[in-house]
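All remarks here apply to the structure that follows.
Keep in mind the model is a prediction, meaning the values are calculated, not measured. Both backbone and side-chain heavy atoms feed into the values below; hydrogens, waters and symmetry mates do not.
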Amino acid sequence: MAHRRAHRGVRADSKLREVSPSGAMRTCIVTRRAYNPDSLLALTLIGDNVVAGRREGTRGAYVSISSPALQALNARALSRALRTSVSAFELDEFLGTTHRLAERKVLERIGLARGCGILRVGLEAAGSAGAGAAVFRAEALSARSARQIEAMVFVDGEQLGSAAGMGWVGVLAVPPGQLADDASYWWRVWYETAGRTEAREDAG
């Protein structure tokens with residue numbers, strides 16, 4: 001799995017919900033296929049900006065959490081789904097903002113697991129966290145250590161350590177449960193929005 005470059009987080013709207021509360025199937029506005037909510041990113045319009053998440057009482061739309069679908073988002077599809085003009089939509093800006101938001105969400109879940117006293121830190125502890133755990137490793141982890149555990153490649157060890165309330169951390173895990181599910185969900189959003197963000201930074 002390719003390493004992804006780290007990005008700083010951005011402020012999120014606390015009133016936004018990631019997916020539909022009903023758990024019902026929803027249709028991706030790009031692929032036009034139905035998916036479970038945990039495979040979709042909810043979208044809504046706040047002012048002139050399309051953002052990730054749902055706000056109660058507003059019309060929303062959904063897009064598959066996959067790089068091809070996310071990078072195919074456009075003003076026409078969004079306008080049709082949201083039933084209002086979103087002609088000012090900028091794909092690069094949306095992907096960059098969503099990528100940073102997802103990073104912040106994952107780090108928040110790691111911090112919450114630490115606060116609850118359930119965070120597992122280190123190869124041995126993370127490896128025994130159990131099925132369904134969200135296991136993350138630093139992008140610069142040595143090849144030897146990386147081969148010892150199946151984990152999601154995330155940010156650098158300093159950022160992982162900061163979220164865990166300590167110094168540099170190579171591997172950590174959030175045990176099975178809602179926090180792990182949320183962390184895995186947002187890691188997928190982070191991973192699938194990374195390519196366009198990196199290409200934009202390299203061009204700059």
Side-chain angles (χ1 to χ4, degrees), residues 1-5 7 9-109 132 134 136 152-155 174 177-201:
M1 185 177 293
H3 291 180
R4 299 298 185 183
R5 182 173 302 162
H7 297 276
V10 294
R11 185 176 62 187
D13 189 322
S14 61
K15 296 181 179 180
L16 296 179
R17 179 162 37 234
E18 290 82 57
V19 296
S20 167
S22 68
M25 299 284 280
R26 294 288 186 266
T27 300
C28 169
I29 64 173
V30 173
T31 67
R32 309 303 299 169
R33 294 175 57 189
Y35 299 86
N36 289 317
D38 59 3
S39 295
L40 294 166
L41 181 66
L43 308 171
T44 196
L45 190 66
I46 298 181
D48 294 327
N49 300 314
V50 175
V51 298
R54 286 294 309 276
R55 185 187 290 274
E56 294 292 345
T58 63
R59 184 172 182 81
Y62 298 87
V63 61
S64 171
I65 304 173
S66 68
S67 182
L70 289 163
Q71 294 192 23
L73 275 175
N74 57 58
R76 180 178 179 182
L78 287 163
S79 296
R80 181 175 61 245
L82 297 172
R83 297 184 180 177
T84 189
S85 174
V86 289
S87 57
F89 177 71
E90 293 289 342
L91 180 62
D92 283 349
E93 181 178 352
F94 169 78
L95 292 177
T97 298
T98 302
H99 182 74
R100 294 186 294 271
L101 170 65
E103 181 178 295
R104 177 175 178 261
K105 292 281 191 178
V106 176
L107 293 172
E108 284 178 348
R109 271 56 182 184
F136 301 98
M152 293 174 276
V153 181
F154 193 34
V155 292
V174 180
Q178 191 60 55
L179 283 178
D181 292 346
D182 288 350
S184 295
Y185 172 88
W186 282 109
W187 178 86
R188 185 178 175 191
V189 174
W190 178 86
Y191 183 85
E192 296 294 339
T193 55
R196 179 64 71 91
T197 303
E198 290 183 351
R200 186 180 183 186
E201 288 190 350

Next on the checklist: The test is side-chain contact (heavy atoms from CB on, under 4.5 Å); show your working for R104 and E108 and say whether it passes.
Outcome noted: CA-CA 6 Å; R104 177 175 178 261; E108 284 178 348; 2.9 Å; yes
Item to check | Under the side chain to side chain contact (heavy atoms under 4.5 Å, CB included) test, residues paired with A134 that sit two or more places apart | outcome: F136, M152, V174, A180, A183, S184
Next on the checklist: Once rounded to the nearest 0.5 Å, what's the spacing between atom NE2 of H99 and atom CZ of F94?
Outcome noted: 13.0 Å
Checklist entry - Looking at A81 and A61, what are the two nearest heavy atoms and their distance? => result CB-CB, 3.8 Å
Item to check | Any L95 side-chain heavy atom under 4.5 Å of Q71 side chain | outcome: yes
Item to check | Nearest heavy-atom neighbours spanning L45 and S85 | outcome: CD2-O, 4.5 Å
Checklist entry - Are side-chain heavy atoms of I29 and L73 found at a separation under 4.5 Å? => result yes
Next on the checklist: Does atom CZ (R33) have a neighbourhood of more than 12 heavy atoms from anything else shown, all under 6.0 Å?
Outcome noted: no
Next on the checklist: Measuring from atom CG of L70 to atom CG of L43, what distance do you get when rounded to the nearest 0.5 angstrom?
Outcome noted: 8.5 Å
Checklist entry - Side chains of Q178 and D181: closer than 4.5 Å at any heavy-atom pair? => result yes
Item to check | Flag side-chain contact, heavy atom, 4.5 Å: S79 against V86 | outcome: yes
Next on the checklist: Show the nearest heavy-atom pair for residues V189 and A102, with the distance to one decimal.
Outcome noted: CG1-CB, 3.8 Å
Checklist entry - Looking at residues at least two apart in the chain, or sitting in another chain, which of them share a ring pair (Phe, Tyr, Trp, His ring centres under 6.0 Å) with Y35? => result none
Item to check | T97 and V51, any side-chain heavy atoms less than 4.5 Å apart | outcome: no
